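On a predicted model such as this, the values are computed, not experimentally measured, just so you know.
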Amino acid sequence: MGALRALREAGVPIAAVAGSSAGAYVAAVYALDLPLEVEPLLQHVIDRRLADLFMQSGNRLMRLARIQARLFKAFRSTAIDDAERLREGLLEFYGNARIEELAFPIALNAADLNAGEVVVLREGPLVDAILASSAIPGVFPPVPWGGRLLVDGDIVEKVPVTAARTLGAGPVVGLDASNPVRLHKPHNSFEVMLMASEASIRRLKRLALERCDYALSLIPEKPVDTFDYSQARALFKMGYERTQAALPEIEALLAPRPRGLLGWLQNVPQSRKR
């Protein structure tokens with residue numbers, strides 16, 4: 001959200017916005033012309049029960065063990081949380097808008113749980129689309145959508161380039177808001193499995209960023225857990241400042257390119273002009 005705030009204040013023309021997972025919330029904020037601020041959104045998305053479950057003290061293995069125990073207790077359900085309270089909060093914040101009726105175009109990425117495919121949502125109830133795009137498997141239930149079961153879009157594409165390309169709006173600026181790589185030696189088989197999963201995620205991220213016209217790194221210095229809402233303001237500030245620093249490159253990407261022989265000469269690398 002901080003990145004969009006910086007782009008808007010700088011007058012950078014934004015033709016459309018694509019979002020996935022947490023980015024779906026931000027895309028909807030921008031499309032509805034709501035304040036690009038952290039506090040109003042947090043008031044409607046924070047679930048203290050989940051935050052307490054995921055953010056209890058202890059190392060990562062202990063936290064995962066507690067989460068797994070919660071899953072075993074709810075083995076007849078498809079998720080830890082039914083997302084009903086979250087849905088109520090989002091309806092209060094976003095209203096009953098439909099994606100195709102928004103004045104500003106957006107597209108949201110989700111993942112087909114059965115087919116493992118990217119599903120781009122460009123019509124339908126906005127809140128339901130946000131829930132589908134951000135339905136973390138095991139935490140929130142899959143969202144039925146046109147005969148599919150949809151979950152968090154990050155499962156199949158870490159940056160929503162597919163959704164962005166469907167908007168046909170010009171150069172795609174991708175925001176890499178992933179966590180930094182944690183380099184460490186595994187101590188048991190469970191940690192090996194976790195590291196293998198994280199390696200797969202990094203591979204998906206690289207593949208997505210390669211399809212962007214420009215990739216802006218919003219990776220924090222230290223890892224931030226999904227439900228650590230206490231870091232939201234710091235992350236907003238980081239995104240705002242890094243985008244401000246990258247404005248010359250982004251504006252150059254959007255500048256009209258000269259044509260003809262003169263344009264070709266201007267784009268020849270210095271080493272070839274000598």
Side-chain angles (χ1 to χ4, degrees), residues 1-10 12 14 17-57 60 63 81 86 89-90 93-94 106 108-109 130-131 133-136 139-140 152-155 157-161 163-164 172-183 198 201-202 204-206 208-209 212 214-247 249-250:
M1 189 178 293
L4 286 176
R5 175 78 168 268
L7 293 173
R8 173 182 281 180
E9 289 182 356
V12 175
I14 301 176
V17 174
S20 180
S21 195
Y25 293 84
V26 179
V29 167
Y30 196 90
L32 290 170
D33 199 26
L34 297 171
L36 290 171
E37 300 172 357
V38 174
E39 285 75 11
L41 182 58
L42 286 181
Q43 291 174 5
H44 293 84
V45 303
I46 287 180
D47 188 326
R48 289 299 178 190
R49 293 182 308 169
L50 285 177
D52 291 342
L53 175 64
F54 283 88
M55 297 307 300
Q56 288 177 3
S57 61
R60 186 164 60 151
R63 293 202 305 271
D81 192 280
L86 175 58
L90 295 183
F93 188 58
Y94 294 113
I106 65 170
L108 306 182
N109 257 17
I130 293 172
L131 290 172
S133 180
S134 60
I136 303 172
V139 178
F140 299 116
D152 195 309
D154 280 7
I155 300 302
E157 190 176 48
K158 293 299 293 180
V159 182
V161 187
V172 172
V173 176
L175 306 181
D176 178 10
S178 57
N179 269 325
V181 178
R182 290 183 277 199
L183 300 177
E198 291 171 353
I201 289 172
R202 290 195 293 273
L204 285 174
K205 182 186 76 171
R206 286 196 297 270
L209 291 175
C212 297
Y214 181 83
L216 176 59
S217 174
L218 303 182
I219 300 175
E221 294 182 3
K222 297 180 180 180
V224 177
D225 289 320
T226 300
F227 293 95
D228 187 1
Y229 300 114
S230 67
Q231 300 298 312
R233 294 168 185 81
L235 293 175
F236 178 94
K237 183 174 183 289
M238 178 199 70
Y240 181 83
E241 292 176 348
R242 290 194 186 176
T243 304
Q244 281 189 317
L247 281 174
E249 294 175 301
I250 295 173

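Shown are Val29, Ile130, Leu32, Val45; of these, the side chain to side chain contact (heavy atoms under 4.5 Å, CB included) with Phe93 is made only by Val29. Tested against Tyr214, the residues Val173, Val172, Leu209 include a single side chain to side chain contact (heavy atoms under 4.5 Å, CB included) partner, Val173.
The shortest heavy-atom contact between Arg5 and Phe236 is NH1-CZ, 3.7 Å. Of all non-hydrogen atoms in Ala232 and Leu42, the two that sit nearest each other are CB-CD1, 3.8 Å. Counting all heavy atoms, side chain and backbone alike, Met1 lies closest to Val38 at SD-N, 4.1 Å. Ala246 and Leu216 get closest at one heavy-atom pair: CB-CD1, 3.7 Å. Ala27 and Ala18 make their closest contact through CB-C, 4.4 Å (heavy atoms, listed as atom of the first residue, atom of the second, distance). A pairwise comparison of heavy atoms in Ala208 and Glu157 identifies CB-CG, 4.2 Å as the closest pair.
Counting heavy atoms from C-beta on, the side chains of Met238 and Leu218 come closer than 4.5 Å. Within the 4.5 Å cutoff, the side chain of Glu198 has heavy atoms near those of the Arg202 side chain. The closest side-chain heavy-atom distance from Val159 to Ser20 is not below 4.5 Å.
Proximity of a side-chain donor or acceptor of Tyr94 to a complementary backbone N or O of Tyr25 within less than 3.5 Å is detected. Side-chain N or O atoms of Ser133 include one that pairs as donor or acceptor with a backbone N or O of Ser21 at under 3.5 Å.
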Begin with the C-alpha distance, continue with both residues' side-chain angles, and end with the deciding distance and a verdict on side-chain contact (heavy atoms from CB on, under 4.5 Å) for Glu9 and Tyr240.
CA-CA 10 Å; Glu9 289 182 356; Tyr240 181 83; 2.5 Å; yes
Would Lys158 and Ile201 count as a side-chain contact (heavy atoms from CB on, under 4.5 Å) here? Give the steps.
CA-CA 7 Å; Lys158 293 299 293 180; Ile201 289 172; 3.5 Å; yes
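With rounding to the nearest 0.5 angstrom, the CG atom of Leu34 is 9.0 Å from the CG atom of Leu41. Between Ile155 atom CD1 and Leu204 atom CG the span is 9.0 Å, to the nearest 0.5 Å. To the nearest 0.5 Å, atom CG of residue Asn109 and atom CG of residue Asp154 are 8.5 Å apart. Once rounded to the nearest 0.5 Å, the distance linking CG of Leu7 with CD1 of Ile250 reads 5.0 Å.
Taking 4.0 Å as the cut-off between side-chain N and carboxylate O, Asp176 and Arg242 do not count as a salt-bridged pair.
Annotation: Glu39, atom CD; neighbour count of heavy atoms from other residues, nucleotides and ligands within 6.0 Å is above 12.
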